[in-house]
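Written below as structure tokens is the structure these notes are about.
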Number of protein chains: 2
Amino acid sequence: MALNYVKDFEIVRKVLSEYLEENGQRKTPERYAILEEIYKMDSHFDVEDLHIQMRANDFRISRATIYNNLELLLEAKLIRKHRFTKGMARYEKSYFNSQHDHVILTDTGEVIEFCDPRIQHIKKTLQEVFNITIESHSLHFYGIRQK
Amino acid sequence: MALNYVKDFEIVRKVLSEYLEENGQRKTPERYAILEEIYKMDSHFDVEDLHIQMRANDFRISRATIYNNLELLLEAKLIRKHRFTKGMARYEKSYFNSQHDHVILTDTGEVIEFCDPRIQHIKKTLQEVFNITIESHSLHFYGIRQK
DNA sequence: ATAACTGCAAATCATTTGCAGATCT
DNA sequence: AGATCTGCAAATGATTTGCAGTTAT
């Protein structure tokens with residue numbers, strides 16, 4: 001997916017444009033710059049990572065603006081937000097990524113992604129049993145690597 | 001379980017005593033008071049709830065002490081900690097409660113507990129596939145009640 | 001006696017907010 | 001033009017920490 005991120009980026013840029021139009025929000029250079037940096041990344045990042053990366057690419061931007069726009073990208077479903085541990089929240093691009101869950105290795109901080117269909121079965125059962133509509137979920141396993 | 005919480009409390013009091021002895025930590029009245037108030041509760045609570053309840057029962061205690069000792073009770077596995085939403089963390093007694101997971105209804109804030117054996121199957125698979133030992137997990141579904 | 005604990009107030013740290021000036025439409 | 005946005009700096013709010021006085025062992 002990193003191979004043709006230019007084409008990918010054209011797509012998410014369009015998704016963002018449509019979202020902004022539908023909501024009467026302005027198309028600022030900051031928004032596209034943030035989106036582009038995020039879609040260049042290959043893994044999870046926090047606000048500081050993103051800020052540093054943008055400054056390294058000569059894009060001056062404040063943290064407040066990053067926070068504001070991560071919220072916007074979240075609403076546009078272009079990113080996902082996680083709280084693996086205390087401290088900063090972490091984010092990841094979501095557009096070409098299928099839903100997955102995470103194992104956090106607590107000694108190293110490493111995060112493993114996995115996908116297990118049984119989680120969808122649990123979701124389906126819950127919806128029927130409690131007569132609810134489930135919109136999202138968060139599943140984290142915490143463990144350590146075997147010695 | 002609320003019916004004979006006095007007997008239950010004798011048990012957890014003993015568990016705490018043993019934990020403190022094993023770790024060379026002091027048996028302060030605050031620790032037992034916090035434990036007792038928690039085991040009177042029938043559902044999730046946050047630091048503020050606990051503080052208010054203790055003061056209502058004429059036990060003067062500072063928030064710092066509550067925070068310190070919730071950490072200790074966590075290590076003693078006498079309580080569990082959750083972060084259902086942003087803001088304050090929430091806790092619950094864990095000694096007589098079997099492991100369960102949660103559905104959070106995002107419109108009302110209501111929290112439903114459930115237990116599904118398939119989560120243990122997922123855990124088992126992950127341990128084998130990644131050669132890891134999983135110590136805990138957190139599973140939250142977010143949804144709304146059907147209209 | 002003495003190491004651990006409590007409680008206050010101050011510090012921390014991620015995130016949010018107020019607002020003045022800049023910028024999309 | 002006019003509402004939205006950005007960016008600074010200050011505010012927030014949950015949690016942590018420093019430290020002086022207290023207490024369990």
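Please read these numbers as outputs of a predicted model, since none were measured by experiment. Hydrogens, waters and symmetry mates are skipped; everything else that's a heavy atom, side chains included, is used. Letters go in sequence order (proteins before strands), and every chain restarts at 1.
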Inset, instruction - Show which residues join A:Ile52 in its hydrophobic cluster (side-chain heavy-atom contacts under 4.5 Å, direct or indirect), or state none. - result: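 Members other than A:Ile52 - counting any ILVMFWY side chain reachable under 4.5 Å - there are none.
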
Legend entry - Remaining members of the apolar cluster that contains A:Phe84, side-chain heavy atoms under 4.5 Å: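 Answer for A:Phe84: A:Ile104, A:Val111, A:Tyr142.
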
Would you please name every residue forming a side-chain contact (heavy atoms from CB on, under 4.5 Å) with [X], sequence neighbours left out?
X: B:Thr85; value: none
X: B:Gln53; value: B:Glu37, B:Lys40, B:Met41, B:Asn57
X: B:Ala64; value: B:Ser62
X: A:Asn23; value: A:Tyr19, A:Gln25

Inset, instruction - Identify, with sequence neighbours excluded, every residue that meets salt bridge (charged side-chain N to carboxylate O under 4.0 Å, His left out) alongside B:Asp116. - result: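 Applying salt bridge (charged side-chain N to carboxylate O under 4.0 Å, His left out) to B:Asp116 gives B:Arg118.
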
Legend entry - Any residue meeting salt bridge (charged side-chain N to carboxylate O under 4.0 Å, His left out) with B:Arg145, in chain and number order, not counting sequence neighbours: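 B:Glu110.
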
Inset, instruction - If a protein heavy atom is under 4.0 Å from the base, mark B; if only from the sugar-phosphate, S; if neither, -; do that for nucleotides 10-25 of chain D going 5' to 3'. - result: ----SBBB-----BSS

Inset, instruction - Any salt bridge (charged side-chain N to carboxylate O under 4.0 Å, His left out) involving residues 22-31 of chain B? Give me the pairs, sequence neighbours left out, ordered by first then second residue. - result: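 Salt bridge (charged side-chain N to carboxylate O under 4.0 Å, His left out) check on residues 22-31 of chain B returns B:Glu21-B:Lys27.
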
Inset, instruction - Under 4.0 Å from any atom of DNA chain D, heavy atoms only: list the residues of residues 52-61 of chain A that qualify, in numerical order. - result: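 Heavy-atom contacts with DNA chain D come from A:Arg60, A:Ile61.
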
Legend entry - Five-pair end axes of the helix from C:dA1-D:dT25 to C:dT25-D:dA1 and the angle they enclose, rounded to 10°: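 End-to-end axis angle for the helix from C:dA1-D:dT25 to C:dT25-D:dA1: 30°, rounded to 10°.
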
